[in-house]
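What you see below is based on every heavy atom in this structure, not just the backbone, and it leaves out hydrogens, waters and symmetry mates. Each residue takes its place number in the sequence, starting with 1. Atoms within each ligand, like the ligands themselves, are counted from 1 in listed order.
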Amino acid sequence: MSIEKGLYTRQEILSQPEAWATALDVLGMERNSIQNIDPAGHYDQVIFTGCGSTYYLALAAASLAQELTGRICRAFPASELWLYPPSSYVSGKTLLVAVSRSGETTETLRACEAFLADRRGDLLTLSCYGEMPLAKLGNFNLIFPSGQERSVAQTRAFSTLYLATTALACLWAGRSDLFDSLGRLPQAGKRLMENHTSLAAELGRDPSLERFYWLGSGPRQGLACELSLKMKEMSLTHSEPFHFMEFRHGPKSMVTPQALVIGLRSAVNAMTESAVLKDMKALGSRVLDVAEDGFDVRFDSGVDEAVRNVLYLPVGQLIAFERSLSKGLNPDRPTNLDTVVKLS
Ligand code: F1P
């Protein structure tokens with residue numbers, strides 16, 4: 001009996017609010033041990049790492065952690081840490097935060113093993129499968145089973161692990177107010193998907209759209225990269241991410257009436273970022289304004305800007321999902337992709 005195309009991906013996208021709530025319970029129980037890691041007091045820098053989706057997660061996590069803690073926080077693909085340590089690490093004691101859905105990705109394991117062998121500092125791992133190698137490798141290991149998935153392209157795993165890194169940044173910055181406010185995100189996420197599922201289907205299934213550009217700056221740049229990857233992985237569609245202001249410096253030459261420019265717009269730079277969308281609309285592009293007070297996709301979460309970024313993910317995931325189905329593809333089984341990249 002053949003399984004309905006996209007059955008798992010649909011379930012995994014729509015069940016994210018519950019997965020977030022369960023992950024926040026885990027983080028609540030680990031609160032003290034997370035606080036005691038105290039990067040400000042013990043490390044010269046924090047490096048986040050992963051591969052593919054989890055590398056883009058690391059980009060977003062490092063940006064927010066630096067914003068909230070004021071410490072040097074950087075992100076690298078695990079392969080760069082493994083194969084080019086001199087151009088990745090500087091002297092001093094490092095906290096390495098390795099993120100992986102599977103806990104089995106060879107590049108991430110090799111990067112962590114080399115980091116420990118070279119005594120560069122301490123290792124914190126975040127993953128979804130406690131029985132896998134990565135979950136046993138770190139000085140500290142956090143496991144989020146609610147992020148486990150059956151489909152290949154990450155959705156629930158990504159958002160759950162990303163939310164966990166948001167919690168780390170709150171606690172390391174001594175912002176228990178922000179940490180406590182994370183508890184409001186599951187309900188906001190649920191409402192967000194209920195309010196925008198039909199818009200996501202309309203845009204995803206629109207055959208007149210041929211190319212998708214995802215704009216995100218600051219802590220949202222990594223999320224723009226991830227949503228662009230979702231569009232590629234699930235629907236094999238031309239899709240690219242850019243920082244908002246960078247889009248005018250050349251990439252806008254690709255704008256046509258068949259383009260959709262999706263703005264992961266902030267509140268802090270609403271004027272400048274909205275102006276980019278306005279300029280692209282003037283060039284004939286379709287635009288989508290996604291924000292707390294978004295014109296097209298609106299969160300209305302009431303949660304502080306610093307910690308509500310996970311809400312930028314669900315509607316973008318749904319657009320990619322719907323486009324995949326509209327092209328007769330199976331979003332659960334993207335072309336050429338394996339769930340885990342294992343190297344011999
Ligand atoms: C990372 C990853 C996924 C990608 C594919 C292959 O896996 O690159 O992002 O979608 O499934 O693996 P992980 O280390 O986060 O398990």
**Asked** Do Thr108 and ligand 1 have an N or O pair less than 3.5 Å apart?
**Response** no
[atom]: nearest protein contact (heavy atom, Å):
| atom | result |
| --- | --- |
| atom 4 (C) of ligand 1 | Glu233 OE2, 3.7 Å |
| atom 14 (O) of ligand 1 | Thr105 OG1, 2.5 Å |
| atom 12 (O) of ligand 1 | Thr339 O, 3.5 Å |
| atom 3 (C) of ligand 1 | Gln154 NE2, 3.5 Å |

**Donor-acceptor side-chain pairing of Gln317 and Thr155 below 3.5 angstrom** =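 No, because no side-chain N or O of Gln317 sits under 3.5 Å from a partner of the opposite role on Thr155.
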**Asked** Just checking, any donor-acceptor pair under 3.5 angstrom between side chains of Arg101 and Ser127?
**Response**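 Absent: no donor and acceptor within the cut-off.
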**Prompt:** Can we say Glu113 and Arg110 salt-bridge, meaning some charged N sits less than 4.0 Å from an Asp/Glu carboxylate O?
**Reply:** yes
**Item:** Side-chain ion pair, Asp279 and Arg248, N-O less than 4.0 Å
**Value:** yes
Check each atom of ligand 1 against the heavy atoms of [X] and keep those under 4.0 Å away; list them by number with element.
| X | answer |
| --- | --- |
| Arg101 | 11 (O), 13 (P), 15 (O), 16 (O) |
| Ser53 | 9 (O) |
| Cys51 | 1 (C), 2 (C), 8 (O), 9 (O) |

**Asked** When you look for heavy atoms under 4.0 Å from ligand 1, do you find them on the side chain of Asp338, its backbone, both, or neither?
**Response**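 The answer is the backbone.
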**Asked** Should the ring pair Phe247 and Tyr213 be called parallel, tilted or perpendicular, given that the plane angle runs from 0 to 90° and is split at 30 and 60?
**Response** tilted
**Message:** Quick check on the hydrophobic clustering: are Trp82 and Val97 connected, directly or via other members, by side-chain heavy-atom contacts under 4.5 Å?
**Reply:**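 Result: no, two separate clusters.
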**Message:** Counting the benzene-type ring for Trp, do His249 and Phe242 have ring centres under 6.0 Å apart?
**Reply:**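 His249 vs Phe242: aromatic centres not under 6.0 Å.
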